[in-house]
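Below: one structure, written as structure tokens.
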Amino acid sequence: MFKTNQLRPLLGLVLLTGILLLAPPAQATYQLGDTVNDFTLNDLTGTPVSLSDYAGDIVVINFFATWCPGCNVEAAILENNIHQVYKEYGVTVIAIDMQEQVATVQNWADSQGVTYQILMSPNWDLFSLFPVAGGLPYNAVIGRDGVLRYAQILFNEEAITTTLNNLLGFNPVADEAQSFGQVKALYR
């Protein structure tokens with residue numbers, strides 16, 4: 001049986017842990033409408049790639065990890081319904097893997113059939129700059145002007161394609177489809 005004096009340190013540790021878990025995450029640097037600063041990360045071959053390499057493009061950034069079930073589900077949708085459909089309109093998909101080994105990510109990309117750009121992040125620093133960046137998967141859309149136009153945890157294909165359609169100036173589409181990408185997919 002524990003004595004009261006023995007429980008105090010344990011109770012203090014439990015309370016401290018609870019407070020740390022409840023503490024809000026650090027304030028994001030970016031908010032919707034902010035210009036996203038250039039960054040450089042290595043691709044799967046070790047070649048440095050910068051956001052500025054895609055200046056003038058609309059960029060969809062996907063933060064992911066191979067161990068993330070939601071990330072695995074969205075990979076095929078990002079590939080087929082966003083990358084393949086919108087690339088001819090100057091939309092680039094960049095996936096940023098969070099702290100995994102290159103071989104693991106390359107095997108994952110091969111098995112998923114991913115052809116969009118994958119970059120390797122050695123830490124969570126870049127991810128933490130984005131608003132509500134609390135978990136994976138996480139997606140952001142940066143307009144041709146470098147301004148953050150969309151940012152959301154989890155994957156919402158309709159919200160991403162609606163954002164892309166708005167940035168591209170596409171008119172609303174028929175009721176059967178929610179986005180230009182889905183209309184194009186109907187006619188493939």
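Positions are given from 1 along the sequence. All of these numbers come straight from a predicted model, not from anything done at the bench.
Between the side chain of Thr47 and the backbone N or O of Asp43 there is no donor-acceptor pair closer than 3.5 Å. No side-chain donor-acceptor contact under 3.5 Å links Asn139 to the backbone of Gln152. Remark: side-chain polar atoms of Asn166 are not paired, donor with acceptor, to backbone N or O of Thr163 under 3.5 angstrom. For the pair Asn80 (side chain) and Ala76 (backbone), a donor-acceptor distance under 3.5 Å is present.
When the side chains of ILVMFWY residues are joined at heavy-atom separations under 4.5 Å, either directly or via intervening members, Tyr138 and Trp67 end up in a single hydrophobic cluster. A single hydrophobic cluster is seen to contain both Tyr116 and Val85, as judged by linkage of ILVMFWY side chains at heavy-atom distances under 4.5 Å, directly or through other members. Leu136 and Leu154 end up in the same hydrophobic cluster when Ile, Leu, Val, Met, Phe, Trp and Tyr side chains are linked at under 4.5 Å. Residue Phe130 is not grouped with residue Val147 when hydrophobic side chains (ILVMFWY) are merged at heavy-atom distances under 4.5 angstrom, including chains of intermediate members.
Under the rule for a side chain to side chain donor-acceptor pair (under 3.5 Å), Asn156 has no partner lying at least two apart in sequence or in another chain.
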Exercise for the section: Let me see the working for Val105 and Phe64 under side-chain contact (heavy atoms from CB on, under 4.5 Å), right down to the final yes or no. Expected result: CA-CA 10 Å; Val105 178; Phe64 81 102; 4.1 Å; yes

Practice task
Let me see the working for Arg144 and Leu168 under side-chain contact (heavy atoms from CB on, under 4.5 Å), right down to the final yes or no.
Solution key: CA-CA 10 Å; Arg144 295 186 197 283; Leu168 291 167; 3.2 Å; yes

Practice task
Decide side-chain contact (heavy atoms from CB on, under 4.5 Å) for Met120 and Val102; before the verdict, give the C-alpha distance in whole Å, the side-chain angles of both, and the deciding distance to 0.1 Å.
Solution key: CA-CA 7 Å; Met120 305 297 295; Val102 170; 4.1 Å; yes

Exercise for the section: Give the intermediate values and the outcome of side-chain contact (heavy atoms from CB on, under 4.5 Å) for residues Phe170 and Leu164. Expected result: CA-CA 9 Å; Phe170 294 150; Leu164 294 175; over 6 Å; no

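Using a 4.5 Å cut-off on side-chain heavy atoms (C-beta onward), Pro131 and Leu148 make contact. A heavy-atom distance below 4.5 Å is not found between the side chains of Val73 and Phe155. Taking the side chain as every heavy atom from C-beta outward, Val60 and Tyr150 never approach each other to under 4.5 Å. Contact of the Ile61 side chain with the Val36 side chain is not registered, since no non-hydrogen atoms from C-beta on lie closer than 4.5 Å. In this structure, the side chains of Val93 and Gln84 stay at 4.5 Å or more apart for every pair of heavy atoms. Between Trp108 and Glu100, the closest side-chain pair of non-hydrogen atoms is not below 4.5 Å. Side-chain contact check for Leu78 versus His83: every heavy-atom pair is 4.5 Å or farther apart. Annotation: side chain of Phe127 is not in contact with side chain of Ile96 (no heavy-atom distance under 4.5 Å).
Among all heavy-atom pairs drawn from Ala151 and Val132, the shortest one is O-CG2, 4.4 Å. What you find for Ala65 and Cys71 is that their closest heavy atoms are O-CB, 3.6 Å. The heavy-atom pair separating Pro48 from Thr40 by the smallest distance is CB-CG2, 3.7 Å. The two residues Asn62 and Pro137 come nearest to each other via the heavy atoms ND2-CB, 4.5 Å.
In this structure, the separation between CD on Gln99 and OG1 on Thr104 is 13.0 Å, given to the nearest 0.5 Å. Distance CG/Asp57 to CD1/Ile142: 11.0 Å, rounded to 0.5 Å. Between Leu167 atom CG and Asp145 atom CG the span is 8.0 Å, to the nearest 0.5 Å. Rounding to the nearest 0.5 Å places CH2 of Trp124 at 13.5 Å from CG of Leu129. With rounding to the nearest 0.5 angstrom, the CG atom of Asp97 is 8.0 Å from the CD1 atom of Ile118. Rounding to the nearest 0.5 Å gives a distance of 11.5 Å between CE of Met98 and CG of Leu119.
For Gln101, the CD atom is loosely surrounded, since the number of other residues' heavy atoms within 6.0 Å does not exceed 12.
Side-chain contact annotation: Asn165 with Tyr89, donor-acceptor N/O pair under 3.5 Å absent. With no hydrogens or angles considered, no side-chain donor-acceptor pair links Gln112 and Thr66 at under 3.5 Å.
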